[in-house]
Amino acid sequence: MSKNTASAALVSAALLSSTAMADTTVIRSSFLHFLQDPSQVNNIFDAYQYLEDGLLVIENGHIKTLTAFDAQTAQQYSSIIDKRGKLIIPGFIDTHTHYAQTQMIAAYGEQLLTWLNSYTFPTEEQFSDIDHARKISQFFIHQLLKNGTTSALVFGTVHPQSVDALFETALAKNMRLIAGKVMMDRNAPAELLDTPESSYQDSKNLIEKWHNKGRLQYAITPRFAPTSTPAQLQLAGKLKAQYPDVYVHTHLSENKDEIAWVKSLFPEREGYFDVYDHYGLTGKKSIFAHAIHLTDKEWDSFQQTDSVIAFCPTSNLFLGSGLFDLTTADSKKVRVGLGTDVGAGTSFSPLQTLNEAYKVMQLQGQKLSPFKGLYMATLGGATSLSIDDKVGNFIPGKEADFVVLDWAATDLQQLRFSYSNGIEDKLFALIMLGDDRNIFETFVAGKSVYQRDTLNLR
Ligand code: GUN
Ligand code: ZN
């Protein structure tokens, strides 16, 4: 063998072994994903890509390519998973939820402040017990995956071990999840109170232990202004300054009595948003749930600080909190993600959550197109959480989190589907009629982690 032939043989052996070593999955199906916010483009076709017959190639848990199917390209792959007849979209991203409230979803009859005292606080007390926290963490993560949600921003409870339990469970599934321990040092039962110093130290320890471990990230999580003293908010701000890469996650302007209470507790501040702003808790990695009753000045502050809103329609209706003004958010280019807000929210399903979002817009004389809705639940959520460089669509290099949807899972959906025309109409019907029954399979980092037909669906 000549020297040249020998080295060519070596090169091709190396190529062969690197290809053989790559963990490759190839799927043929219909695909939909977003490239831009539909409310910010002149031509809707610039916002999304729909491939009726497409081929997705995943390598080592990341997107390699998404192309229209063609037989010649397909030939190079020894096996192709055939999901024709289904629709594959990026995994849903839930930008606000409370795992510890799973067991008290659908608690009757109260608005925010009495709901917290009557139902929420007694439930959260149980999370001092790590075994209980582990049990509910597993149930919660399963519910996320069963509903097609592959990433979420999650409240723990005041107990640091509640966050350990959730992160352990998410790490085992290799999920991209953001969570934090509640900071709360007043206006709650004594069993649920920390102190400014303990909340600072516990949160710091959790950041050191979990932030950027696998795909996990940490959020500094003061519950809301009424349950934190100025001293605690100040230490929360200090922590954010020490760890600028971590998130801030809290509630804002959800309920009129809550807003009046904040005014009385912080008379020296201009308003509710200003409380958080004063303590250094606003900014591009700060996510505020609800933001229903904002003043014009507060809208401007959102814009100026590049802070983010989690729109939680089922919760906002369930607690009678009010109608979120998505149109103003869009006109100001404030980032908005979709939040289920379980347990004030009444469903884990982003489809059901969009169903209610549509009605919230109708009550304000506005429309929510299925494109905008599904954008918010995928790429818009990723943008809101500043993880759009990693997930949210099928751009090559991104992590392969996605969901295989059944267009029509029930007889009613099938009838409606058979009379539908065009992609927009089909997607709208899917949002309005769909739920966890439409989630056929969920993939996290290229691996199938939930299959509807093979799991016990109790
Ligand atoms: N404001 C403060 N705490 C909570 C909570 O747990 N849920 C909701 N919806 N709002 C809150
Ligand atoms: Zn909430």
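Positions are given from 1, in the same order as the sequence printed here. Atoms within a ligand are numbered from 1 in the order they appear, just like the ligands themselves.
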>> At under 4.0 Å between heavy atoms, is it the side chain or the backbone of D341 that contacts ligand 1, or both, or neither?
In response: side chain
>> Around atom NZ of K173, are there more than 12 heavy atoms from other residues, nucleotides or ligands closer than 6.0 Å?
In response: no
> Identify the closest protein heavy atom to atom 4 (C) of ligand 1: which residue and atom is it, and at what distance?
Replying inline: H251 CE1, 3.4 Å
> Roughly how far, to the nearest 0.5 Å, is the NZ atom of K263 from the CD atom of E258?
Replying inline: 12.5 Å
> Centre of F417's six-membered ring, under 6.0 Å away, within 45 degrees of the axis: is that where NZ or CZ of K426 sits?
Replying inline: yes
> Just wondering, is there an N, O or S atom on H96 that's nearer than 2.8 Å to the Zn ion (ligand 2)?
Replying inline: yes
> Identify the closest protein heavy atom to atom 10 (N) of ligand 1: which residue and atom is it, and at what distance?
Replying inline: E254 OE1, 2.7 Å
>> Counting backbone and side-chain atoms alike, is an N, O or S atom of H251 positioned under 2.8 Å from the Zn ion (ligand 2)?
In response: yes
> With the Zn ion (ligand 2) as the point of reference, which N/O/S atom of D341 is the closest?
Replying inline: OD1
> Do F288 and Y276 have ring centres separated by under 6.0 Å?
Replying inline: yes
> Can you list the atoms of ligand 1 that are under 4.0 Å from a heavy atom of R223?
Replying inline: 2 (C), 3 (N), 4 (C), 5 (C), 6 (O)
>> Does K256, at its NZ atom, have more than 12 non-hydrogen atoms belonging to other residues, nucleotides or ligands within less than 6.0 Å?
In response: no
> Side chains of L166 and L177: does their closest heavy-atom pair fall under 4.5 Å?
Replying inline: yes
> Quick one: does E258 get an N or O within less than 3.5 Å of an N or O on ligand 1?
Replying inline: no
>> Distance under 4.0 Å to a non-hydrogen atom of A344: what atoms of ligand 1 satisfy this?
In response: 9 (N)
>> Does K213 qualify as a cation-pi partner of F167, given the criterion of NZ or CZ under 6.0 Å from the six-membered ring centre and within 45 degrees of its axis?
In response: no
>> Using a plain distance cutoff, I'd like to know if W115 has any nitrogen or oxygen under 3.5 Å from a nitrogen or oxygen of ligand 1.
In response: no
>> As an exercise, identify every atom of ligand 1 less than 4.0 angstrom from a heavy atom of L112.
In response: 1 (N), 8 (C), 10 (N), 11 (C)
>> Holding to side chain to side chain contact (heavy atoms under 4.5 Å, CB included), I want the full list of residues that pass it with S203, two or more places apart in sequence or in another chain.
In response: K181, M183, Y218, L239
